[in-house]
Amino acid sequence: MNSQHASSLILGYPRYIVGFDFRIGKQDQDIFPATIDNQVWPRQPIDHASLDENGFNLFDGPIKKITTGRPQINSVLVAFDLPVIFVDALAATFGIVPLPVNLLSARAWIFLGFDIIDARTQSSGIYSFDWAEEEFTFIIKKLSLQLNKNGLVDNETNAIKAAIFFDSLVKEHAPFAPCGVWVNRKNDLWDSKGELGQRSRP
């Protein structure tokens, strides 16, 4: 895993889907933390007897099996992706069945932005470490980050930069990686721009 660091990523790096989940939707916050950390963005309890869960505490595909049923009220179906070099290094250990990210078609899924994570523990550099307000402000200012309405990083360049920064800031959780967060269009909690809010179905 030592050779898999964000500093080795270049723009347009290939990405794999590493799993899916059902999360509780929220509409009462200006900034919505759409993070992989299910302690911050709680899972929606579902009857998932027919779904296989991997070592990332996410459901494996195929996508058709995941999207067959409509999520419960106040529930959203999400997908997470990681750089291929990270997935290749972790797939066997965590039982990941990677899928090409291009399977998340624009008609069916909305890209919300990038979380910055330690994939091995599903910890978010932004949300999982109980930063004091002044620490969080310092991090955001240091990286010149402007989090979007989903509390994520919009820009791939800034996501790589943030991952490199967290590698040095929280060394025991390195390496960090940009983690793409997607939401299925079956729900009405995101608009067509990927921002939290009411949206009519396509």
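Bear in mind that the values here come from a model prediction, so they are computed numbers and not experimental data. Values below: every heavy atom of this structure, side chains too, minus hydrogens, waters and symmetry copies.
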Requested in this report: Compute the ring centroids of Phe94 and Phe56, then answer whether they are less than 6.0 Å apart.
Outcome: yes
Report task. Taking the six-membered ring for Trp and the full ring for Phe, Tyr or His, determine whether the centres of Phe129 and His173 are under 6.0 Å apart. Result -> yes
With side chains defined as the heavy atoms from C-beta onward, is the minimum distance between [X] and [Y] less than 4.5 Å?
{"X": "Val183", "Y": "Val181", "result": "no"}
{"X": "Phe114", "Y": "Leu152", "result": "no"}
{"X": "Phe166", "Y": "Asp118", "result": "no"}
{"X": "Phe86", "Y": "Pro175", "result": "yes"}
{"X": "Glu53", "Y": "Asn57", "result": "yes"}
{"X": "Arg120", "Y": "Leu90", "result": "yes"}

Query raised in the report: Is Asp130 atom CG crowded by more than 12 heavy atoms from other residues, nucleotides or ligands, each under 6.0 Å away?
Result: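 It does not: Asp130 CG has 12 such atoms or fewer within range.
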Spacing of [atom1] belonging to [X] relative to [atom2] belonging to [Y], to within rounding of 0.5 Å:
{"X": "Tyr13", "Y": "Leu82", "atom1": "OH", "atom2": "CG", "result": "8.0 Å"}
{"X": "Glu172", "Y": "Leu169", "atom1": "CD", "atom2": "CG", "result": "9.0 Å"}
{"X": "Asp52", "Y": "Asp60", "atom1": "CG", "atom2": "CG", "result": "6.5 Å"}
{"X": "Asn150", "Y": "Asp115", "atom1": "CG", "atom2": "CG", "result": "11.0 Å"}

Is there a path from [X] to [Y] through hydrophobic residues (I, L, V, M, F, W, Y) whose side chains come within less than 4.5 Å of each other?
{"X": "Phe136", "Y": "Phe165", "answer": "yes"}
{"X": "Leu11", "Y": "Ile85", "answer": "yes"}
{"X": "Leu145", "Y": "Phe138", "answer": "yes"}

Query raised in the report: Have Gln122 and Asn38 got a donor and an acceptor in their side chains that come within less than 3.5 Å?
Result: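 No.
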Query raised in the report: Is it the case that Asp37 and Ser128 place a side-chain donor and acceptor less than 3.5 Å from each other?
Result: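 Yes - a donor-acceptor pair under 3.5 Å links their side chains.
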Query - Arg23 to Phe80 six-membered ring, cation-pi geometry met (6.0 Å, 45°) - result: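 Judged by the rule, Arg23 and Phe80 form no cation-pi pair.
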